[in-house]
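Worksheet: the structure to be examined is printed underneath.
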Amino acid sequence: MKVGLRIDVDTLRGTREGVPRLLALLAHQEVYATFFFSVGPDNMGRHLWRLLKPAFLWKMLRSQALSLYGWQILLAGTAWPGRRIGNACADIFRQTDAAGHEIGLHAWDHYRWQMQVARWSSSYLTAQFKQGMDALNQILGRTVSCSAVPGWRADQRVIEMQQGFPLQYHSDCRGTTPFYPRLATGDYGRLQLPVSLPTFDEVIGRLTTVKSYNDFIIQKIQQQTQYAVYTIHAEVEGMGQAEAFERLLLVAKQQGIQFCPLEQLISEATTIARGGILRQGSCLGREGWVACQGKKEDAF
């Protein structure tokens, strides 16, 4: 069974410390993945204002966020301007590329996208996406072919905007099957590869424990026999949970589960729906709205 392994890299520390460790673990297990990089300012510490929201506060408490992420991540961009990740870690981006992993854009400014994208004008939305794409392409010296928005915060405006960029696919929502979204013109947009499995921070302290997490996620993967995409974070599985993630890779291999870059799932797909939409929905264990796969009209 092939499972798309998506690695989101949100912060400067996650890039600098988490990515190299993940590269070493993946190389040892001969596993390849898709890395989605944030390239602009690291302002993730500004999420602390969300502690005023009970749902976000509960998530931080049950996931033991301080011990999981550390103060450097939790305060980034608060008392000082956020450092540009791409400028500071360009060599790590290129190292990931040289190791044979697929690379895509996560965001220019992860925090601002996740918190403000619904309020941006169409022109500003395009400018933010283009700024991230240009920076990542310049670092790698080539054009990347995929993207995944932060926090699964995408709407129809995002889908329409993305059509102006030469990408192969996007991974912007939660769902169960690959699909081509319907555009305002009635045509179909670029392929979406939804994330189908929960993330570590969504289920810890709610559906499972840290000790039982690997068994929990392996069981979830085995239930999705036709299509599965699993997301990890450089700030979690590349740092505090790195040893547990290494054990997960070993168990997965023993169970016949083959992690792979998302692009490999395209050729493996037996059915790709078309005409689906992105709708605002909720996700257990995640505060705020996320883009969810909507109705499928037909398939080919």
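- Within a 6.0 Å radius of NZ in Lys253, other residues, nucleotides and ligands contribute more than 12 heavy atoms.
- Smallest separation of non-hydrogen atoms from Ser282 and Val290: C-CG2, 4.1 Å.
- Placement of Phe93 and Tyr32 in two distinct hydrophobic clusters is found when ILVMFWY residues are connected by side-chain heavy-atom separations under 4.5 Å, directly or transitively.
- Side chains of Val9 and Phe35 form a contact here, defined as non-hydrogen atoms less than 4.5 Å apart.
- Between Ser145 and Glu263, the side chains place no donor N or O within less than 3.5 Å of an acceptor N or O (distance only, hydrogens not considered).
- Between Arg286 and Asp201 there is a salt bridge, since at least one side-chain N of the basic residue sits less than 4.0 Å from a carboxylate O of the acidic one.
- Using a 4.5 Å cut-off on side-chain heavy atoms (C-beta onward), Ser171 and Leu262 make contact.
- Arg174 has a carboxylate O that lies under 4.0 Å from a charged side-chain N of Glu202, or vice versa, which qualifies the two as a salt bridge.
- Looking only at side-chain heavy atoms (C-beta outward), Arg13 and Met239 come within less than 4.5 Å of each other.
- The OG1 atom of Thr177 sits 7.5 Å away from atom OH of Tyr227, with the distance rounded to the nearest 0.5 Å.
- In Arg84, the CZ atom is not crowded: 12 or fewer heavy atoms of neighbouring residues, nucleotides or ligands sit closer than 6.0 Å.
- In this structure, Leu265 CG and Leu5 CG are separated by 10.5 Å, a value rounded to the nearest 0.5 Å.
- Checked by atom type and distance alone, the side chain of Gln29 never pairs as donor or acceptor with a backbone atom of Leu25 at under 3.5 Å.
- Side chain to side chain, His101 and Thr96 fail the donor-acceptor criterion of an N or O pair below 3.5 Å.
- Side-chain N/O atoms of Thr126 and Ser123 include no donor and acceptor closer than 3.5 Å.
- Side-chain atoms of Gln192 and Asp172 include a donor-acceptor pair closer than 3.5 Å.
- The line from CG of Asn43 to CE of Met115 is 12.5 Å long, rounded to the nearest 0.5 Å.
- At least one side-chain heavy atom of Leu191 sits under 4.5 Å from a side-chain heavy atom of Pro178.
- With hydrogens and angles disregarded, a donor-acceptor distance shorter than 3.5 Å links the side chain of Asn137 to the backbone of Met133.
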Pair Ile257-Lys2, side-chain contact (heavy atoms from CB on, under 4.5 Å): steps then yes or no: CA-CA 6 Å; Ile257 296 169; Lys2 283 193 175 182; over 6 Å; no
After noting the C-alpha distance and the side-chain angles of Leu12 and Arg16, does the key distance pass the side-chain contact (heavy atoms from CB on, under 4.5 Å) rule? CA-CA 6 Å; Leu12 176 63; Arg16 181 174 286 165; 4.1 Å; yes
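- Remark: the backbone N or O of Gln114 is paired with a side-chain donor or acceptor of Arg153 at under 3.5 angstrom.
- For the atom pair CG (Asp134) and CZ (Phe165), the distance works out to 7.5 Å, reported to the nearest 0.5 Å.
- No option in Gln223, Lys220, Gln224 other than Gln224 meets the side-chain contact (heavy atoms from CB on, under 4.5 Å) test with Ser196.
- Side-chain contact annotation: Gln264 with Glu268, donor-acceptor N/O pair under 3.5 Å absent.
- Under the 4.5 Å side-chain heavy-atom criterion for grouping Ile, Leu, Val, Met, Phe, Trp and Tyr, Phe216 is not connected to Leu250 through any hydrophobic cluster.
- Of the N and O atoms on the side chains of Tyr188 and Arg182, at least one donor lies less than 3.5 Å from an acceptor on the other residue.
- Counting heavy atoms from C-beta on, the side chains of Leu248 and Ile217 come closer than 4.5 Å.
- Nearest heavy atoms, Pro150 versus His106: CD-O, 3.3 Å.
- Side-chain contact, Gln222 with Gln255: a donor N or O sits under 3.5 Å from an acceptor N or O.
- Panel note: side chain Arg190, backbone Gln162; a donor-acceptor pair is recorded below 3.5 Å.
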Does the pair Gln258 and Val3 meet the rule for a side-chain contact (heavy atoms from CB on, under 4.5 Å), with working shown? CA-CA 6 Å; Gln258 180 184 350; Val3 176; over 6 Å; no
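- The two atoms that bring Asn214 and Ala244 nearest to each other are ND2-O, 3.0 Å, heavy atoms only.
- Here the closest non-hydrogen pair linking Cys146 and Phe36 is SG-CE2, 3.8 Å.
- Using modelled atom types, no side-chain atom of Asp8 and backbone atom of His233 make a donor-acceptor pair closer than 3.5 Å.
- At a threshold of 4.5 Å between side-chain heavy atoms, the hydrophobic network of Ile, Leu, Val, Met, Phe, Trp and Tyr places Trp289 and Trp152 in two separate groups.
- Taking CG of Asp42 as the start and OG1 of Thr11 as the end, the distance is 5.5 Å to the nearest 0.5 Å.
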Can you check side-chain contact (heavy atoms from CB on, under 4.5 Å) on Thr209 and Ile204, steps first, answer last? CA-CA 5 Å; Thr209 64; Ile204 291 300; 5.8 Å; no
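- The shortest distance between side-chain heavy atoms of Pro194 and Phe179 falls below 4.5 Å.
- Within a 6.0 Å radius of CD in Gln226, no more than 12 heavy atoms belonging to other residues, nucleotides or ligands are found.
- Using a 30° and 60° split on the angle between ring planes, Phe129 and Trp113 fall in the tilted class, from 30° to 60°.
- Side-chain contact between Leu26 and Ile7: present, with at least one pair of heavy atoms (C-beta onward) separated by less than 4.5 Å.
- A side-chain donor-acceptor contact under 3.5 Å links Arg94 to the backbone of Ile139.
- Here Glu17 contributes atom CD and Ile92 contributes atom CD1; the two are 9.0 Å apart, rounded to the nearest 0.5 Å.
- Gln293 and Cys173 make their closest contact through N-SG, 4.3 Å (heavy atoms, listed as atom of the first residue, atom of the second, distance).
- Nearest heavy atom pair, residue Trp120 against residue Arg157, reads O-NH1, 2.7 Å.
- Few gaps surround CD on Gln116; more than 12 heavy atoms of other groups in view lie less than 6.0 Å from it.
- Between Tyr213 and Phe200, the ring planes lie perpendicular to each other; the angle is over 60°, past the 30° to 60° tilted range.
- Within the 4.5 Å cutoff, side-chain heavy atoms of Arg142 are placed close to those of Ile103.
- By the criterion of side-chain heavy atoms lying less than 4.5 angstrom apart, applied directly or through intervening Ile, Leu, Val, Met, Phe, Trp or Tyr residues, Met1 is grouped together with Val31 in one hydrophobic cluster.
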